[in-house]
Every structure is written in C-alpha cells, then in structure tokens.
Amino acid sequence: MSGGAGAYAAVDLGASSGRVMVGRVGPGSLELTEAHRFPNRPVRVPEGLRWDVLGLYAGVLDGLRAAGAVDSVGIDSWAVDHGLLDADGALLGNPVHYRDGRTDAVAERVWATVPASELYAATGLQYAPFNTLYQLVAARGTRQFAAAERLLLMPDLLTYWLTGEQGTELTNASTTQLIDPVTRTWAHGIAERLGIDLGLFAPLRRPGDPAGVLRPGVLEETGLAGPVPVTAVASHDTASAVAAVPADGERFAYICTGTWSLAGLELDAPVLTEESRAANFTNELGLDGTVRFLRNIMGLWLLQECLRAWGEPDLGALLREAAGAPALRSVVDAGDSAFLAPGRMPERIAEACRASGQPVPDSPAATVRCVLDSLALAHRTAVEDAQRLAGRSVDVVHVVGGGTRNALLCQLTADACGLPVVAGPAEAAAFGNVLVQARAQGRVGGLPAMRRLLAATQPLTRYEPRGDTRRWETARARLAGGPPGLP
C-alpha cells in the first residue's frame with residue numbers, strides 16, 4: 001500500500017436526501033466530513049411519481065465544488081431505479097420513482113411466464129413490486145421505452161453525466177432481478193423468456209474499477225483541477241454500508257437502517273432454496289465476492305411519514321415520551337407492502353392495529369412506540385430467519401446507518417434479538433464508498449483491513465439486551481401470516 005493520506009469525495013444519495021462527504025484515509029487514520037447536503041424530493045406529476053434527477057445532479061456539482069481538491073469521486077444511491085437514454089445519450093424524461101404505482105399487479109404477469117420459484121432460483125432476488133425487472137415489463141409498450149437505447153441505474157447515470165462514460169456497476173445491477181448471483185453475470189435465460197433486451201445495459205463493472213475522469217465542463221463548474229478520476233464503488237448504498245460494518249470475523253448480523261431496514265448476513269454464496277424464497281430473503285451481491293443475504297423491512301419510513309403527517313414535531317421529545325410508553329402494547333408488520341406508499345401513515349398504522357385486534361395508539365408518542373417496537377420485532381425475525389436459512393449462527397448484531405442515532409430503536413433491537421447490538425457508523429454508506437476508492441489507490445487493504453480501520457477510528461455504541469425475549473414472541477403471535485404477496 002502507498003503511504004500518505006488521500007482525499008475522496010463520496011456522493012451518497014438516499015431516498016430523502018443526498019450528501020457529498022469527503023473522506024481522508026491515511027495509515028491508521030480515517031476521517032469523514034460533510035461538504036454539502038441537499039434534499040431529494042420526488043415530484044408527483046400527472047403521469048406519476050418521478051425523481052428530480054436534475055436537482056440531484058445540481059446538488060452533486062455543488063457538493064464537489066464545496067469538497068475542494070480530491071483524489072477520486074465515487075457515487076452510491078438507492079437501488080432499482082434508472083434513467084433511459086436515447087441514441088444520442090440524452091435522458092428520456094425524469095426517472096420513475098420506485099413507489100410509483102405503475103408496477104401494481106405486474107408481478108403476476110411476469111410469474112405467468114416465469115413462475116416465481118424459477119425466477120428466485122435463477123436470480124435469488126426477493127419479491128418486491130418495484131424490482132427493475134417489473135419496472136421494465138411495466139414500461140413495455142410506452143413511447144419512451146421504445147425510444148430507449150440505453151438504461152443506466154441511478155449512480156451510473158450520474159457518473160455518465162460526470163465523465164461521459166457508461167457502465168453498470170455490479171452490486172446495484174444485482175437488484176434488477178436480472179443477475180445470476182452464482183455466476184455474477186446477467187441471467188440471460190430469464191431476460192430472454194421475458195423479452196428483456198440486455199443490450200439496454202452498459203457493460204458490467206465492479207467496485208474499484210475506473211469509471212472515467214471528470215469532464216472538462218464539470219471541472220470548470222466545480223472549480224476542480226483535473227484530472228480527477230471517478231471510481232466505481234459498491235454503488236448500491238446498502239452494499240457500501242455493509243462494506244463499512246466494523247465487524248471482526250464472520251459471526252455477525254447487520255441491520256442497515258434508514259428509510260429502509262435491511263437485515264441479514266454476509267455470506268460467500270447465495271441461498272437459493274424454496275424456503276428462502278418463501279421467507280422473502282434476497283441475495284444481493286456485495287464487495288469481494290460476498291452475498292448480502294437479507295430481508296427488506298419498511299424501516300424508518302414509517303416514522304418519517306408519521307412525522308410528516310403531524311407537521312414535523314420535535315422528534316427528540318417524541319422519542320423521550322415514547323421510551324416511557326407501555327412496551328409492545330401494539331405492533332404492526334413492518335414488512336407489509338400496505339405501508340409502501342406515502343400518506344396517512346398514522347391512520348394506516350391505527351387501521352392495522354384495529355384489524356389485528358390490538359389497542360389503537362392514542363397519541364403520537366404511542367404511535368412512535370408502536371413503530372419502533374414493530375421495527376425491533378421485524379429485526380428480530382429477520383436475524384433469526386437468516387441464521388436458520390443460511391445455517392450460520394451469530395454472536396452480535398451490527399446496526400449501521402441513520403438509525404444508529406435513534407438510541408431507543410437500537411436498545412429495542414438488542415432486547416428483541418437477545419444479542420448485543422453495536423451501533424455505528426451512522427454514515428456507513430459514505431464510509432464504504434470512501435474506502436473502496438482508497439483501496440483502489442492502494443491506501444487501504446481488503447475488506448477485513450477496511451473493517452479494522454473503521455473499528456479503530458470510529459465511535460461505536462454497544463447496547464446489551466434486557467428482559468425476556470419471550471415477550472417478543474408473544475407480540476409476534478398477534479401478527480398473522482407471512483410476507484405478503486408471495487405466490
């Protein structure tokens with residue numbers, strides 16, 4: 001490895017905000033500072049829910065200007081969504097938001113051609129109504145799709161605008177439901193049966209691969225002195241976040257918390273059994289040949305939507321009040337797609353409690369406690385199921401991402417799982433992004449070395465489990481059935 005310190009700009013785009021962070025990596029040192037943060041507000045137009053991708057790109061340019069001189073740039077974002085380009089490389093309209101209703105009932109059409117069990121055996125991806133595969137089937141027959149010559153996933157689209165070069169980064173590609181997780185290449189048989197032209201996708205590239213250099217126009221707009229390379233990182237933000245789990249060894253579970261909770265294990269091979277499919281676990285590709293074996297849980301979206309409905313009250317005060325509310329009085333299924341769409345979240349939570357015969361939360365604090373108890377219960381179930389399905393036991397749960405700032409959620413997760421929880425870092429995706437760039441330039445070693453550096457340099461909080469886990473089993477018994485929508 002080369003000596004000295006390097007500076008790396010991590011563009012980290014979440015479903016509600018974007019940020020440009022600057023990471024500085026040297027021998028035994030790792031620092032992260034925020035250069036610029038900007039909102040990511042989807043827009044509802046007559047044709048549906050869309051991403052304001054031009055606003056995001058402007059935020060990226062502003063962030064690079066604020067970052068100053070850096071040795072490399074990398075971009076990660078949420079998964080599945082994409083932009084369509086015409087033959088001249090121009091964007092054909094704003095990318096569709098995964099919460100848009102265009103994929104309603106599309107999965108059933110797909111399963112009529114490729115049964116769900118075959119689709120899972122070939123791609124290892126959980127059922128989610130917004131998977132890219134379903135989006136492509138939904139778009140078929142539209143003028144926009146007919147004019148498309150190229151499809152770029154969101155980080156790859158922004159990278160293209162920065163560099164003029166096109167590629168499809170593998171960890172994000174694995175969320176399309178068009179990648180074979182064993183060969184780590186395209187699932188040509190599935191695409192052919194569904195009439196999906198894989199020629200729409202740019203060539204695959206992997207974390208650490210070069211992705212071009214900033215165009216002269218970008219250098220002029222940001223004030224940066226070229227050449228500035230852009231590095232392909234683990235561009236699915238969850239893949240970057242899991243790479244930044246400060247674990248020692250293999251006996252750990254992780255929960256990446258934010259708008260979503262992604263809970264599971266890091267494996268060296270996918271689990272493609274019918275039992276795994278029925279449990280709605282996904283096999284997404286991670287750094288260095290790893291597999292992210294996890295379940296999607298609705299996450300802090302439930303709380304975010306409640307706060308929005310209440311007019312953005314003081315969250316700290318609500319959490320303090322919720323901590324004193326009765327535990328496990330009511331819980332909802334935090335994996336239920338009924339909570340996927342925005343709007344009326346407190347009412348929908350109340351309706352779910354009423355439908356399951358549980359007390360309806362009678363105050364915002366009671367609703368917050370219901371949400372956090374429900375998330376902790378879903379975390380417990382996912383961690384237990386992952387161990388059973390993968391045949392691996394764990395000794396600790398690592399919580400990374402924005403939810404690490406919610407001490408009540410972290411403690412409830414430890415209580416529910418009956419395992420210690422180590423919380424941190426909060427900006428895990430940005431750390432993973434930075435470390436892959438630094439590794440590409442020889443300033444840090446492989447995944448174990450990256451994790452050791454994180455553990456040695458970042459503040460972590462440990463939560464020990466309290467109480468009897470059987471009360472969580474009693475709460476779970478009130479919720480009937482399994483993951484919705486599975487055939």
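What you see is a predicted model, and the numbers here were worked out from it, not measured in a lab.
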Original post:
Taking Ser261 for the side chain and Gly299 for the main chain, is one N or O donor matched with an acceptor at less than 3.5 Å?
Top reply: no
**OP:** Return the minimal non-hydrogen interatomic distance between Phe431 and Ala244, and the atom names on each side.
**Re:** CB-CB, 3.9 Å
Subject >> Residues Glu427, Asp12; criterion side-chain contact (heavy atoms from CB on, under 4.5 Å); working and verdict >> reply: CA-CA 9 Å; Glu427 296 286 0; Asp12 177 31; 4.2 Å; yes
**OP:** Verify the neighbour count for atom CZ of Arg344: are there more than 12 heavy atoms of other residues, nucleotides or ligands below 6.0 Å?
**Re:** yes
**OP:** Could you please spell out the steps behind the salt bridge (Lys or Arg N to Asp or Glu O under 4.0 Å) verdict for Glu473 and Arg380?
**Re:** CA-CA 10 Å; Glu473 282 303 308; Arg380 168 189 170 91; 2.9 Å; yes
Original post:
Can any side-chain N or O of Thr168 pair as donor or acceptor with the backbone N or O of Phe201 at less than 3.5 Å?
Top reply: no
Original post:
If you take all heavy atoms of Val96 and Asp100, which pair is closest and at what distance?
Top reply: CG1-CB, 3.6 Å
Original post:
Any donor-acceptor pair under 3.5 Å linking the side chain of Gln458 with the backbone of Pro425?
Top reply: no
Subject >> Test: Arg206 and Asp209 ion pair at under 4.0 Å >> reply: no
Original post:
Do Thr367 side-chain atoms and Ser363 backbone N/O form a donor-acceptor pair below 3.5 Å?
Top reply: yes
**OP:** Answer whether the closest heavy-atom distance between the side chains of Asp395 and Leu419 falls below 4.5 Å.
**Re:** no
Original post:
Can any side-chain N or O of Gln411 pair as donor or acceptor with the backbone N or O of Glu464 at less than 3.5 Å?
Top reply: yes
Original post:
Does the distance from a Lys or Arg side-chain N to an Asp or Glu carboxylate O, for Arg392 and Glu250, drop under 4.0 Å?
Top reply: yes
Original post:
Asn280 versus Asn296: any side-chain heavy-atom pair under 4.5 Å?
Top reply: no
**OP:** Considering non-hydrogen atoms only, spot the tightest contact between Trp78 and Asn40 and give its length.
**Re:** CZ3-ND2, 3.4 Å
**OP:** Could you please spell out the steps behind the side-chain hydrogen bond (donor to acceptor under 3.5 Å, both in side chains) verdict for Arg478 and Gln358?
**Re:** CA-CA 8 Å; Arg478 301 185 214 135; Gln358 300 177 90; 2.9 Å; yes
Original post:
Do Tyr127 and Trp111 have ring centroids that are under 6.0 Å from one another?
Top reply: yes
Original post:
Just by distance, do the side chain of Tyr8 and the backbone of Asn433 share a donor-acceptor pair under 3.5 Å?
Top reply: no
Subject >> Full working for side-chain hydrogen bond (donor to acceptor under 3.5 Å, both in side chains) between Asp81 and Trp51 >> reply: CA-CA 9 Å; Asp81 290 337; Trp51 293 107; 2.7 Å; yes
Original post:
Are Arg476 and Glu384 close enough for a salt bridge, meaning some N to O gap below 4.0 Å?
Top reply: yes
**OP:** Begin from the C-alpha positions of His236 and Thr171 and carry the test side-chain hydrogen bond (donor to acceptor under 3.5 Å, both in side chains) through to its verdict.
**Re:** CA-CA 6 Å; His236 183 197; Thr171 68; 5.7 Å; no
Original post:
So Val11 and Val73, side-chain contact (heavy atoms from CB on, under 4.5 Å) or not? Walk me through it.
Top reply: CA-CA 7 Å; Val11 179; Val73 177; 4.3 Å; yes
Subject >> Residue pair Trp260, Phe130: steps toward the ring-ring contact (aromatic ring centres under 6.0 Å, His included) verdict >> reply: CA-CA 14 Å; Trp260 292 88; Phe130 46 70; 5.8 Å; yes
Subject >> Side-chain donor or acceptor of Arg99 paired with backbone N/O of Leu340 under 3.5 Å >> reply: yes
**OP:** Compute the centroid of each ring, for Trp301 and then for Tyr98, and state whether the two points are separated by less than 6.0 Å.
**Re:** no
Original post:
So, do Thr33 and Arg24 sit near enough that their side-chain heavy atoms are less than 4.5 Å apart?
Top reply: yes
Only pairs under 3.5 Å count here: list side-chain donor-acceptor contacts from residues 309-322, not counting sequence neighbours, and write none if there are none.
unit_1: Asp314; atom_1: OD1; unit_2: Gly316; atom_2: N; d: 3.1

Original post:
Ignoring hydrogens and geometry, is there a side-chain-to-backbone donor-acceptor pair from Arg295 to Ala279 under 3.5 Å?
Top reply: yes
Original post:
What heavy-atom pair brings Val399 and Val421 nearest, and what distance separates the two atoms?
Top reply: CG2-CG1, 3.6 Å
Subject >> Criterion side-chain contact (heavy atoms from CB on, under 4.5 Å) on Ile255 and Thr413, from CA distance to verdict >> reply: CA-CA 10 Å; Ile255 305 172; Thr413 297; 3.7 Å; yes
Original post:
Is there a donor-acceptor pair closer than 3.5 Å between any side-chain N or O of Gln387 and the backbone N or O of Val383?
Top reply: yes
Subject >> Close side-chain approach of Leu435 to Leu30, heavy-atom, < 4.5 Å >> reply: yes
Original post:
With a 4.5 Å heavy-atom cut-off, do Leu119 and Leu125 have their side chains touching?
Top reply: no
**OP:** Tell me, with the steps shown, if Ile75 and Ser235 meet side-chain contact (heavy atoms from CB on, under 4.5 Å).
**Re:** CA-CA 6 Å; Ile75 303 179; Ser235 72; over 6 Å; no
Subject >> Electrostatic pair Arg348:Glu351 at N-O distance under 4.0 angstrom >> reply: no
Subject >> For Thr238 against Leu294, the heavy-atom pair lying closest together >> reply: CG2-CD2, 4.3 Å
**OP:** Applying side-chain hydrogen bond (donor to acceptor under 3.5 Å, both in side chains), run through Gln437 and Ser72 and close with a yes or a no.
**Re:** CA-CA 7 Å; Gln437 294 183 65; Ser72 171; 2.8 Å; yes
Subject >> Qualifying residue, where the test is side chain to side chain contact (heavy atoms under 4.5 Å, CB included) with Asp373 and the options are Asp415, Val332, Val331, Leu408 >> reply: Val331
Original post:
Shortest non-hydrogen contact from Thr257 to Gly403?
Top reply: OG1-N, 2.8 Å
Original post:
Is the backbone N or O of Pro359 less than 3.5 Å from a side-chain atom of Ser330, with the two atoms forming a donor-acceptor pair by type?
Top reply: yes
**OP:** Report yes if the side chains of Leu133 and Leu194 come closer than 4.5 Å at any heavy-atom pair, otherwise no.
**Re:** yes
**OP:** Please round to the nearest 0.5 Å and tell me the distance separating atom NE2 of His36 and atom CD of Glu34.
**Re:** 9.0 Å
**OP:** With Asp468 as reference, evaluate Arg466, Arg470, Arg471 under the side-chain hydrogen bond (donor to acceptor under 3.5 Å, both in side chains) test and give the passing residue.
**Re:** Arg470
Subject >> Any side-chain heavy-atom pair of Ser29 and Thr457 under 4.5 Å >> reply: no
Subject >> Sub-4.5 Å side-chain heavy-atom contact between Thr176 and Val80 >> reply: no
Original post:
Does the side chain of Ser17 come under 3.5 Å of the side chain of Arg19 through a donor N or O and an acceptor N or O?
Top reply: yes
